[in-house]
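The figures that follow rest on heavy atoms only: side chains count, while hydrogens, waters and symmetry mates do not. All figures in this text were calculated on a predicted structure; none of them were measured in a lab.
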Amino acid sequence: PMPGSKAVATKFITHWHKAAKTLVYDVQPLSIKIHGNVAFVHYYYTQIQRDTAGKDKQTSGRWTDILMKQGDKWLLIGDQGGQTSKD
């Protein structure tokens with residue numbers, strides 16, 4: 001219901017990387033819209049991960065990244081999305 005902080009995101013990402021190993025990750029771009037120094041990137045993803053018990057699981061979803069250009073670099077300033085597969 002509320003945007004999360006960088007600290008909370010770091011906790012979850014750190015846990016996720018310890019709890020599962022990504023075997024395959026595929027991104028299918030849908031669109032990129034650039035408005036001045038801000039870009040909106042929409043895509044679908046599919047991934048296969050192996051958990052600590054050795055079980056493989058495939059999931060898929062959609063995602064949007066919001067980037068801002070500072071100098072010659074694009075920096076992530078926001079994102080939204082999630083899993084669309086049933087599991």
(request) Verify side-chain contact (heavy atoms from CB on, under 4.5 Å) between W74 and I34, making sure each step is shown before the conclusion. (result) CA-CA 11 Å; W74 286 96; I34 299 174; 4.3 Å; yes

(request) Tell me, yes or no, whether the heavy-atom count around Y25 atom OH, taken from other residues, nucleotides or ligands under 6.0 Å, exceeds 12. (result) yes

(message) Nearest 0.5 Å, please: how far is CG in L67 from CG in L75?
(response) 8.0 Å

(request) Treating Ile, Leu, Val, Met, Phe, Trp and Tyr as nodes and any side-chain heavy-atom pair under 4.5 angstrom as an edge, say whether W63 and V41 lie in one connected cluster. (result) yes

(message) Rounded at 0.5 Å granularity, tell me how far CG in D72 sits from CD in Q70.
(response) 11.0 Å

(request) First locate atom CG of D65, then atom OH of Y43, and finally report the distance between them rounded to the nearest 0.5 Å. (result) 3.5 Å

(message) Quick check on the hydrophobic clustering: are V27 and L76 connected, directly or via other members, by side-chain heavy-atom contacts under 4.5 Å?
(response) yes

(request) Quick one: pull up CD in Q80 and NE2 in H42 and give me the separation to the nearest 0.5 Å. (result) 11.5 Å

(request) Decide if atom OH of Y45 counts as having more than 12 heavy atoms of other residues, nucleotides or ligands within a radius under 6.0 Å. (result) yes

(request) Please answer: with hydrophobic residues joined when any side-chain heavy atoms are less than 4.5 Å apart, are I77 and F40 in the same cluster? (result) yes

May I have the list of side-chain donor-acceptor pairs in residues 46-56 shorter than 3.5 Å, sequence neighbours left out?
{"residue": "Q47", "atom": "NE2", "partner": "T59", "partner atom": "OG1", "Å": "3.3"}
{"residue": "Q49", "atom": "OE1", "partner": "W16", "partner atom": "NE1", "Å": "3.4"}
{"residue": "Q49", "atom": "NE2", "partner": "T22", "partner atom": "OG1", "Å": "3.4"}
{"residue": "R50", "atom": "NE", "partner": "D56", "partner atom": "OD1", "Å": "2.7"}
{"residue": "R50", "atom": "NH2", "partner": "D56", "partner atom": "OD1", "Å": "3.3"}
{"residue": "R50", "atom": "NH2", "partner": "D56", "partner atom": "OD2", "Å": "3.1"}
{"residue": "D51", "atom": "OD1", "partner": "A53", "partner atom": "N", "Å": "2.9"}
{"residue": "D51", "atom": "OD1", "partner": "G54", "partner atom": "N", "Å": "3.0"}
{"residue": "D51", "atom": "OD1", "partner": "K55", "partner atom": "N", "Å": "2.9"}

(message) Counting neighbours of NE2 on H17 that are heavy atoms of other residues, nucleotides or ligands and sit closer than 6.0 Å, is the number greater than 12?
(response) yes

(request) May I ask whether L30 and I32 are part of the same hydrophobic cluster, defined by side-chain heavy atoms of I, L, V, M, F, W, Y residues being less than 4.5 angstrom apart, directly or through others? (result) no

